[in-house]
Colleague: 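Before I ask anything, here is the structure I am working with.
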Amino acid sequence: MTYGELAAARLQEIAEMSEAGPGVTRLPWTPEHRRALDVISAWMEDAGLEVSLDAAGTLVGRTPAMAGKPALLLGSHQDSVRSGGRFDGIMGIAVACLAVRRLREEGARLPFAIEVLAFADEEGVRFPTALIGPRALAGTFDPAVLDMQDAQGVHVREAMQAFGLDPAGIPALARQGEEVIGYLEAHIEQGPVLEAEGRSLGVVTAICGISRYAVTFSGETGHAGTVPMAGRRDALVAAARFVAAVSDAATAIKDCRATAGRIEARPGVVNAIPSEVGLTLELRAPSDEMRLDFQSRAEQLAREIAAQAGVTVQVEKTYEQPAVACDPVVTDALSRAMAAMDMPALAMPSGATHDASAMADLCPVGMLFVRCEGGISHRPDEYASAEDLDDAIRVLAETVKNMGLP
Ligand code: HGY
Ligand code: MN
Ligand code: MN
Ligand code: MN
């Protein structure tokens, strides 16, 4: 069995650690997360790592007998979206464990420790926050998120305590820069580029930044039959024009994305003009300069379109995550590892965000993308082949050795 086939089998097994229903639903600090930790612990022990669980619920596997040595960090997130795929996040943990096992079997001698990290919550699906694990290590954790609640009214703090964790210990998890050499994450591409280029792996150059908004258009309701079209103050007409205009603006800018994921019209009845519409808007761009420009453009469009429709608009920013440039030393180590295996490195930005987005506040980061069949992700039919997983394990192991070269 190749390393790739073993990774594929392990990912098939851990996909069962899920709520019932299509695909994988494994949210942080839940019974499914607990069952997954038992499996990931076995992966880490199989790689010769010493396993511990930190106060944020990150499972840490560290090479033994390297106390006091700086560490190269590998890993990704164990959680999924609802009805997600078998690869997003968890594949990076499986690939990292097998890369460490490969290095151990080769008898590789490294001047640093290795830690494989299985972060609890990257997706931000259960709670309106994310990345608690990496932010704890980077010292950027905001304790206010412990008071956020899930759809059942459970606070983050309560969920962690019920999981056997003490959130009060999170601030002490912050690593000092000199303890960490860098962070390397293997992740399914979640897009169509590698497949279109006929490549199994890609080297990530930058991870997009995100701006999220709650946008509310307010007009005037009235009888759908008696109020003339001229002079209506229809909030949904304004909202529809806005969504189309922002989408067109994003389409005109390479690598920019704009998505209105949720919309709600009130009073929401078939024969009354909508007086109020609330929608979410998410903007993404591979650099903060582009993101901030696009933010201004979107806010201007909201004002102009509201004025033309005779309604008012409120644009409230609800979340922001800066764009991250991957570190040239790490991306060079990845590219050299691929070149050593006759795999020309395809450099590409990431439209998805990752744990590496938060780890960049602690140390140099790099990411290795793995081909994703049909570019499909956040869906049960997400798929990466055992052959591509095998390439990823070999390249990750080679990259770790490159990071140890003077
Ligand atoms: O939203 C994202 O890009 C990530 O999958 N959480
Ligand atoms: Mn992910
Ligand atoms: Mn995801
Ligand atoms: Mn509560």
Side-chain angles (χ1 to χ4, degrees), residues 11 14-15 18 23-28 32-33 36 40 58 74-96 116-135 145 183-194 202 204 206-213 250 255-262 280-286 291 318-324 326 348-360 365-373 375-384 389 392:
L11 291 171
I14 203 165
S18 163
V24 178
T25 302
R26 184 169 57 247
L27 305 184
E32 294 76 30
H33 181 191
I40 299 167
T58 301
L74 310 177
S76 191
H77 59 96
Q78 69 79 35
D79 65 323
S80 71
V81 294
R82 291 196 179 284
S83 303
R86 292 186 285 119
F87 298 86
D88 178 5
I90 192 71
M91 185 205 79
I93 299 166
V95 162
V116 176
L117 305 168
F119 292 119
D121 75 312
E122 187 276 337
E123 296 291 0
V125 162
R126 180 178 178 188
F127 297 100
T129 182
L131 303 169
I132 289 178
R135 286 186 170 142
V145 303
Y183 173 72
L184 249 180
E185 180 171 358
H187 199 287
I188 192 164
E189 177 200 342
Q190 299 181 296
V193 174
L194 289 173
V204 176
I207 305 168
C208 74
I210 296 181
S211 302
R212 286 182 183 147
Y213 294 89
D255 290 334
C256 241
R257 304 282 189 272
T259 310
R262 192 172 57 239
T280 62
L281 176 67
E282 186 195 81
L283 311 177
R284 296 191 187 208
R291 181 169 64 90
T318 55
Y319 183 75
E320 187 158 30
Q321 197 171 307
V324 162
C326 290
M348 55 198 293
S350 173
T353 56
H354 302 281
D355 294 297
S357 305
M359 291 299 280
V365 302
M367 288 194 74
L368 178 65
F369 265 177
V370 180
R371 177 165 40 192
C372 173
E373 189 171 273
I376 291 167
S377 184
H378 282 191
R379 278 175 33 178
D381 49 347
E382 178 183 79
Y383 180 75
L389 294 175

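Positions are given from 1, in the same order as the sequence printed here. Both counts, for ligands and for their atoms, begin at 1 and track the order of listing.
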Colleague: Using the ring of each side chain (for Trp, its six-membered ring), is F87 parallel, tilted or perpendicular to Y383, with breaks at 30° and 60°?
Modeller: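 Correct class here is perpendicular.
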Colleague: Please determine if R257 and E282 form a salt bridge, counting it only when a charged side-chain N lies under 4.0 Å from a carboxylate O.
Modeller: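 E282 and R257: not salt-bridged.
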Colleague: As a test of reading the structure, name the N/O/S atom of E123 that is nearest the Mn ion (ligand 3).
Modeller: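 That would be atom OE2.
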Colleague: Number the atoms of ligand 1 from 1 as they appear, then name those within less than 4.0 Å of a heavy atom of A352, with their elements.
Modeller: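 Ligand 1 atoms under the 4.0 Å threshold to A352: 3 (O).
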Colleague: In D88, what N, O or S atom is nearest to the Mn ion (ligand 2), if we give its atom name?
Modeller: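 In D88, the N, O or S atom with the shortest distance to the Mn ion (ligand 2) is OD1.
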Colleague: The Mn ion (ligand 3) and E122: any N/O/S contact shorter than 2.8 Å?
Modeller: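 Within the cut-off used here (under 2.8 Å), E122 places no N, O or S atom near the Mn ion (ligand 3).
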Colleague: With side chain to side chain contact (heavy atoms under 4.5 Å, CB included) as the test, pick out the partner of L11 among I90, V24, V95, I93.
Modeller: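 Among I90, V24, V95, I93, the one meeting side chain to side chain contact (heavy atoms under 4.5 Å, CB included) with L11 is I90.
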Colleague: I want to confirm something. Looking only at heavy atoms, which of R284, Q321, H378, E282 is nearest to atom 2 (C) of ligand 1?
Modeller: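 Nearest option to atom 2 (C) of ligand 1, by heavy atoms: R284.
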Colleague: So how far is it from S377 OG to E189 CD, rounded to the nearest 0.5 Å?
Modeller: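 Between atom OG of S377 and atom CD of E189 there are 9.5 Å.
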Colleague: Measure from the Mn ion (ligand 3) to every N/O/S atom of H378 and report the name of the nearest one.
Modeller: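 The Mn ion (ligand 3) is closest to the H378 atom NE2, counting only N, O or S.
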Colleague: Suppose you place the vertex at the Mn ion (ligand 2); what is the angle out to H77 NE2 and H187 NE2, to 10°?
Modeller: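 About 110°, to the nearest ten degrees.
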Colleague: Rounded to the nearest 0.5 Å, what separates atom CE in M367 from atom OG in S357?
Modeller: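 If I round to the nearest 0.5 Å, the distance is 7.5 Å.
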Colleague: Please name the pair of heavy atoms, one in A285 and one in C256, separated by the smallest distance, quoted to 0.1 Å.
Modeller: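 Looking at all heavy atoms of both residues, the closest pair is CB-SG, 3.9 Å.
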Colleague: Look only at interatomic distance and state if E122 has a nitrogen or oxygen under 3.5 Å from any nitrogen or oxygen of ligand 1.
Modeller: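 Yes.
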